[in-house]
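For reference, the structure is listed below as structure tokens.
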Amino acid sequence: MTMIALAVLWAVLLWGALLTARAAWTARALDLRRRAVRPPEDGPAPHVVLLVPALREQDLLEEVVRGALGLDYPRDLLHIVVVTTEREEREREAALGRLPALATALAEDAARASVRLSGLVPSARAAAVAARVRAAADPAAALRAEVGAVPTTREIARSLLPLLAAENPGASLHHLHHTAEGAKSSQLVHAVEQLPHLLPPDAVPAMTYVGLYDADSQPDSTTLWHVAHAARVPSGHPPELIQQLPLQLRRPHAARRGREDVLLRAHALADLRRRAGVEAHRIRACARIAGSGLPSGLAAVAEPVVYGVGAGLFVRHDTLVAIGMYEEPVDDLLIGYKLSSARAGMVVLPVFNLVDRYPSVRSLGNAYAIVARGSLAGLRRLLTDPVLRTHQPRNSTVFVKELLDTLWWFAGPVVVLAAVTVLALAQAHAQLIVWTAAALGYTVAHTLWCVRRAESWLAAHQGARERAESPSAGGLRLVPAFLAQPVLHWLGPLRYATGLLGGRSAESGKTER
């Protein structure tokens, strides 16, 4: 039993080291490709639709739309669609009934203002709103006035988009409002269903890409020329999926304080390793295997499962409609599953989309919980969907791989803890000390690589962005926070499981602004 426990611990550590090595190799390959492509290029370019789903994004909407309008791409080929949702108004109306109790709670616990005011005001304004409410003679009336003074995202879009259209003659800028039930995926489906009425006749679905950016997105200004370059293939069959990786580096050192922020900064940097070592590596591996000439059965076993990553996900319009578009509860994950089953052509871009890091550990846990729920929903679809089941044996292979991956995500903490307990009970202290020292050494190397890679990619990013303090500030002081990364990663399944036990469903926390 001691040998098994040791094998488990060393396997976990070596797997982490392999991911970092893979990330470094993939990052170097992306850098070389970025330098090799010199946009703009001659030749036909695809139409690109950028969907911007917005929920409580009053403070960020103008910035993301201006950023999209500023992308280096022909105006007649770029179409920006802002999609607001009635859900925001419904949730706001429901919250108005609890304003007196909320005003009292704000007076008693100012530290949790952003959590308590979530859904009513953008989180960036929460502290100031809470301070004014506490200072008021009538806190309930003051809070009602504060909430009433905040326009909805739909109201912002209605007033903002005509102004931006006037400033940018020839820009294709649209606003849609989703009135039915459903979350982000339903907003996106509503927008895709309206595209035939919004796009010009020459926007052929087989040469039109539908991209997705959140309201905190700041893509590289050359992104769409890289999309066009990826779409020009000798076979004349453009890839079904083009993925741009989101990096949580938009504001590397935003104005937050405390130990929680150190954890979130460490998570944002460590997220680089996952983006390069998992998402980008898998897409590149699929392309290599597809071009290797392997028999389909062997290729199905060898090819990794690709995840769709929402902010920066471009899918060919005809393919997106054919696979059933975006689905609840996670708009992007199932797209990766479906296209992996169909052995679709995929490309990862060598330029990036900068996004904000999560505002709190709670919101990070909520986001991971949504992904955990989406993983289970995706497995169910792979098992039961009649369209996907036609892609055999590839669909079954994808199902088995993802089932094992999901089981480890849920059971991994228990297995690792059990292995440590077995060694401790067996008094194998020397083995535990050696393993711990190796794990610490790996963490230091991993931290340094993530910091340096973040600096490099930030320096290479083209386009407007906030030039905040360098990610290298603090350097090794982030090492203790990196030790908590496995806990943060496994927080999602735990939060999802406790939510089920408590009869609650987790909500994504990235929108708590």
Is the side chain of Arg275 donor-acceptor paired with the backbone N or O of Pro246 at a distance under 3.5 Å, no angle test?
-> yes
Between the main-chain N or O of Leu188 and the side-chain N or O of His178, is there a donor-acceptor pair closer than 3.5 Å?
-> no
Is the backbone N or O of Gly16 less than 3.5 Å from a side-chain atom of Arg273, with the two atoms forming a donor-acceptor pair by type?
-> yes
Taking the side chain as every heavy atom from C-beta outward, state whether Phe410 and Leu376 have any atom pair closer than 4.5 Å.
-> yes
Any donor-acceptor pair under 3.5 Å from Ser217 side chain to Pro219 backbone = no
Value rounded to 0.5 Å, distance of CZ in Arg380 from CG in Leu334 | 9.5 Å
How close do Ala68 and Ile80 get, heavy atom to heavy atom, and via which atoms?
-> CB-CD1, 3.6 Å
Output every pair passing side-chain hydrogen bond (donor to acceptor under 3.5 Å, both in side chains) with a member in residues 299-319, not counting sequence neighbours, ordered by first then second residue.
-> Arg282-Tyr307, Glu303-Arg343, Glu303-Arg394, Tyr307-Glu402, Tyr307-Asp405, Arg316-Asp318
Taking all heavy atoms of Ile242 and all of Ala230, pick out the closest pair and write down the distance.
-> CD1-CB, 3.9 Å
Is the backbone N or O of Leu403 less than 3.5 Å from a side-chain atom of Thr406, with the two atoms forming a donor-acceptor pair by type?
-> no
Measure from the side-chain N and O atoms of Gln462 to the backbone N and O of Thr222, and report whether any donor-acceptor pair falls under 3.5 Å.
-> no
Evaluation steps, side-chain contact (heavy atoms from CB on, under 4.5 Å), between Tyr358 and Asn366 = CA-CA 10 Å; Tyr358 286 90; Asn366 283 349; over 6 Å; no
Is a side-chain N or O of Asp271 found less than 3.5 angstrom from the main chain of His267, in a donor-acceptor match?
-> no
Supply the atom-to-atom distance His281 NE2 to Leu19 CG, rounded to the nearest 0.5 angstrom.
-> 8.5 Å
Short question: side chain of Asp216, backbone of Asp356 - any donor-acceptor pair under 3.5 Å?
-> yes
Apply side-chain hydrogen bond (donor to acceptor under 3.5 Å, both in side chains) to Thr153 and list each qualifying residue two or more places apart in sequence or on a separate chain.
-> Glu88
Are any of the side-chain nitrogens in Arg66 or Glu62 under 4.0 Å away from the carboxylate oxygens of its partner?
-> yes
Under 3.5 Å, is there a donor-acceptor pair between the side chain of Ser340 and the main chain of Gly336?
-> yes
Does the side chain of Leu212 come within less than 4.5 Å of Val52's, by heavy atoms?
-> no
Can you name the closest pair of heavy atoms from Pro46 and Tyr209 and give their distance?
-> CB-CD1, 3.9 Å
Working for side-chain contact (heavy atoms from CB on, under 4.5 Å), residues Val315 and Glu240 | CA-CA 6 Å; Val315 184; Glu240 283 82 2; 5.6 Å; no
Gap separating the OG atom of Ser159 from the NE2 atom of His175, nearest 0.5 angstrom | 10.0 Å
Pairwise distance CG(Leu379) to OH(Tyr337) - rounded to 0.5 angstrom | 5.5 Å
State whether a side-chain donor-acceptor pair under 3.5 Å links Gln218 with Glu63.
-> yes
If you draw the axis of the six-membered ring of Trp449, does the NZ or CZ of Arg452 fall within 45° of it and under 6.0 Å from the ring centre?
-> no
Do His174 and His79 have ring centres separated by under 6.0 Å?
-> no
Sub-4.5 Å side-chain heavy-atom contact between Leu298 and Val301 = no
More than 12 foreign heavy atoms under 6.0 Å from CZ of Arg90: is that the case here?
-> yes
Decide yes or no on side-chain contact (heavy atoms from CB on, under 4.5 Å) for Leu198 and Val81, but give the supporting numbers first.
-> CA-CA 9 Å; Leu198 303 179; Val81 183; 4.3 Å; yes
Would a distance-only check, ignoring hydrogens and angles, find a side-chain to backbone donor-acceptor pair under 3.5 Å from Gln244 to Phe352?
-> yes
Would you mind reporting whether Leu349 and Leu245 have side-chain heavy atoms less than 4.5 Å apart?
-> no
Is there side-chain contact between Thr26 and Val348, with heavy atoms separated by less than 4.5 Å?
-> no
Exactly one candidate in Gln187, His177, Arg154 meets side chain to side chain donor-acceptor pair (under 3.5 Å) with Thr84; the answer is His177
Going by the angle between their ring planes, with limits at 30° and 60°, are Phe314 and Tyr213 parallel, tilted or perpendicular?
-> perpendicular
Report, as yes or no, whether the 6.0 Å neighbourhood of atom CZ on Arg288 holds more than 12 heavy atoms from other residues, nucleotides or ligands.
-> yes
Apply side-chain contact (heavy atoms from CB on, under 4.5 Å) to the pair Val150 and Gln58, showing each step before the final yes or no.
-> CA-CA 8 Å; Val150 177; Gln58 296 96 322; 3.6 Å; yes
With a 4.0 Å cut-off, would you call Asp214 and Lys184 a salt bridge?
-> yes
Pairing of Arg34 and Asp31 as salt bridge, 4.0 angstrom limit | yes
Check the side chains of Arg250 and Asn353 for a donor-acceptor pair under 3.5 angstrom, ignoring hydrogens and angles.
-> no
